Amino acid sequence: MKPQQTLFDDNPMIEQEHLEEVLCASELRYRRLFESAKDGILILDAETGMIVDVNPYLIHLLGLPHKDFLGKKLWELGLFHHIIANKIKFAELQTRKYVRYDDLPLETVDGRQIAVEFVSNVYLEGENKVIQCNIRDISERKRGEQALLQSETRYHALFDNMVEGFAYCRMLYKDDQPDNFVYLEVNQAFTTLTGLENVVGRKVSELIPGIRESDPDLFAHYGRVARTGQSEQFEIYIESMKMWFSISLYCPEKDHFISVFNVITARKALESQILRVQRMESIGTLAGGIAHDLNNVLAPILMAVEILGEKLTDDEDLEMLAALEASARHGAELVRQVLGFARGIEGRRIPVNLIDILNVIQSIVRDTFPKNIQFNIAPARDVWTVTGDPTQVQQVFTNLCVNARDAMPGGGRLCVSMENIVVDNVPSCLNPEVRPGAYVLVKITDTGSGIPMPILERIFEPFFTTKTIGEGTGMGLSTTMAIVKSHGGVITVSSQVGKGSTFKVYLPADTASKEVDPVPVKQEPFPRGHGEVVLVVDDEEGIRLIAQKTLERFGYRVLLAANGAEALDVYAQNGEEIAIVLTDMSMPVMDGAATLAALRKLNPRIKAIASSGLSSNEDSTSVSGAGFTHFIAKPYRADALLTLLAKALQ
């Protein structure tokens, strides 16, 4: 078939004109693209490196006039500060068809630094080779990348150095219910706080066995956050880790969570201790009131015992009376111990023979401890005395012996030894705060179960106990430590599991004295009155009656009042006869301080003695502030009352 003819086949002139039009249109499009491009464009002569054209964007970008580009070579512009702009490197642009540099520095006429992306292509333009260089300003992109890098750096610095544990995790579901979650990322604090390692990609139930039992609602917390988008905070105790955690949940995207948490075991323990301290404060307040009432009960008994002792002659009667007195005194000491425990370690300081103290403890041990516990005391000869409160010192060794008994439920040996030592340089076994000097060292050794090291480090902490609730308060050893320290001493402990424990108590010694034998006290006759009138003011009838009989028996006349208001009436009628007032400090209607203040309005020079069944140290301060010059603590003996009366009336 003959090919179809075209218009150009018949008319070559039309073909030439059309080609010229096409070329003209192409050149026009190229110029429009060249001039409107948002990249800088340089056209170089491939042989000489001479700039033959530059587009408006690059002129604007560099701030250099159009004429300053033309006729110059690339390395003569002075704006490129890179290896591509030198004469030697230009050969690479000539020989390679395509060259790309991702990040080059470019300087504008006004000195600004611009980061650019540089791309060059070699092509023919007619018979001549040219190099087209495209220059793109990437400064904004570089600033964004730098800002992102800085942000990521700050994030990782914060993430890795957070005090709180930080975990990014994904929730897993079972039957459309939250069932587990997988750790995707954790920080160092997470590992430090939990002790869990290599957790990424693992399920929490795999890492922490029993976590479902620790908090059945744990996964429900995560489910609610996923459903509502609202953050939650809660506390959880994980039994397998023996720790409390405080956890805050955030939901940045569906089924993905950020958990920020702290170990709050110490805080929970402190809260528990605070609650116990508050209970102890309540007990202390209660103990004060009970002590006052008990001392009021014991006071007439002790006074009556002395009076009855003068009347009785039968040995059996006197023996029973002595037992009655001993029991009353023991009750008074118990009350004083309760007050001392509730209000702090305080007490009198007198010479104490530790052998006498341990002999008393030996009697208690043999009467009350199980018979399968062998008890032995081995004191050295000529043991020095110590200065302290006998009751508190006895409490120290009683507590230690009771602890030893509890450590030997199946029986064993309990040995107490005693010796004099002189500390020249503080040995390593002592507290570094102890000063060189003379001490009496008492060792209490048992063959019990021993104390594991983690527990050994905490046994002197207040309220710390390994016993179940109701079997121990955790105050025995802490009270023991407090008493020893208040006496200037030191207590140490060593123990081996399965072999027993040894407690060592170092008490500062009085080296001037040796073992003290009881010295018989010469009985002086009780001071007697000479008909003076004593006004006894007390709301306890038993105390009023015994005080009246005691004072009348020893030469005094007595008037009685049950409270401050009655005392004012009695004094108003008999004020000229009354020589002195003995008043209780705690009474209804008017207490002792108010009574004295009212009586002083009737007689500014009135003499008065205050008495109380509360702490003697505390009340001696308060009565002094109320204007009393004499004070006697309940329960008091008849001889103490008579001696104080004689002194006050001088």
Side-chain angles (χ1 to χ4, degrees), residues 8 14-152:
F8 296 140
I14 294 176
E15 179 182 357
Q16 183 64 32
E17 290 177 1
H18 179 73
L19 288 174
E20 289 178 357
E21 288 178 1
V22 170
L23 288 174
C24 182
S26 176
E27 175 67 18
L28 181 62
R29 286 195 297 271
Y30 168 77
R31 293 306 302 180
R32 286 176 178 172
L33 288 172
F34 182 79
E35 293 178 358
S36 63
K38 297 304 180 183
D39 289 343
I41 301 175
L42 276 176
I43 306 298
L44 309 177
D45 184 282
E47 297 295 330
T48 64
M50 197 80 70
I51 298 174
V52 296
D53 204 355
V54 58
N55 75 337
Y57 183 85
L58 188 59
I59 292 172
H60 173 74
L61 181 66
L62 298 181
L64 196 66
H66 184 272
K67 62 183 180 60
D68 289 348
F69 282 94
L70 301 179
K72 289 187 178 180
K73 297 176 181 178
L74 182 63
W75 55 87
E76 293 177 340
L77 284 178
L79 300 175
F80 286 90
H81 297 286
H82 193 268
I83 194 169
I84 66 164
N86 64 50
K87 190 173 184 179
I88 298 174
K89 190 67 176 177
F90 179 71
E92 183 179 352
L93 304 183
Q94 291 176 304
T95 57
R96 293 174 58 184
K97 290 186 177 181
Y98 177 82
V99 177
R100 179 187 182 92
Y101 298 101
D102 289 328
D103 186 6
L104 295 179
L106 186 63
E107 185 177 315
T108 65
V109 172
D110 58 7
R112 288 183 298 111
Q113 295 292 325
I114 301 174
V116 300
E117 183 181 80
F118 184 96
V119 178
S120 69
N121 291 278
V122 179
Y123 63 93
L124 284 173
E125 192 174 86
E127 297 181 355
N128 299 321
K129 279 187 178 181
V130 296
I131 302 174
Q132 179 175 318
C133 302
N134 286 59
I135 300 169
R136 176 171 295 177
D137 183 0
I138 59 172
S139 300
E140 286 297 326
R141 190 184 79 192
K142 293 294 292 183
R143 280 193 289 270
E145 291 174 352
Q146 186 65 28
L148 180 60
L149 179 61
Q150 290 178 351
S151 177
E152 289 181 352

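Residue numbers count from 1 along this sequence. Quick caveat: nothing in here was measured; it's all calculated off a predicted structure.
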Residues in side chain to side chain donor-acceptor pair (under 3.5 Å) with [X], at least two apart?
| X | value |
| --- | --- |
| T48 | D45 |
| D110 | T108, R112 |
| K72 | none |
| D53 | R31 |

Nearest 0.5 Å please: distance from the [atom1] atom of [X] over to the [atom2] atom of [Y].
| X | Y | atom1 | atom2 | result |
| --- | --- | --- | --- | --- |
| L104 | I135 | CG | CD1 | 9.0 Å |
| I51 | I43 | CD1 | CD1 | 10.5 Å |
| S120 | L44 | OG | CG | 8.5 Å |
| E117 | D103 | CD | CG | 9.5 Å |
| R100 | N121 | CZ | CG | 11.0 Å |
| Y57 | L62 | OH | CG | 10.0 Å |

- Distance-minimising heavy-atom pair for A46 and Q94: O-NE2, 2.5 Å

- Message: I need the minimum non-hydrogen distance between M50 and G71, along with the two atoms involved.
- Response: SD-O, 2.6 Å

- Query: Would you say S139's side chain and A115's backbone share a donor-acceptor pair under 3.5 angstrom?
  - Reply: yes

- Message: Any side-chain to backbone donor/acceptor pair from N55 onto I41? Under 3.5 Å, distance only.
- Response: yes

- Whether over 12 other heavy atoms sit under 6.0 Å from H66 NE2: yes

- Partners passing ring-ring contact (aromatic ring centres under 6.0 Å, His included) against F34 (at least two apart in sequence or in another chain): Y30

- Item | side-chain contact (heavy atoms from CB on, under 4.5 Å) between F118 and L106, intermediate numbers included | CA-CA 10 Å; F118 184 96; L106 186 63; over 6 Å; no

- Apply salt bridge (Lys or Arg N to Asp or Glu O under 4.0 Å) to R143 and list each qualifying residue two or more places apart in sequence or on a separate chain. E140

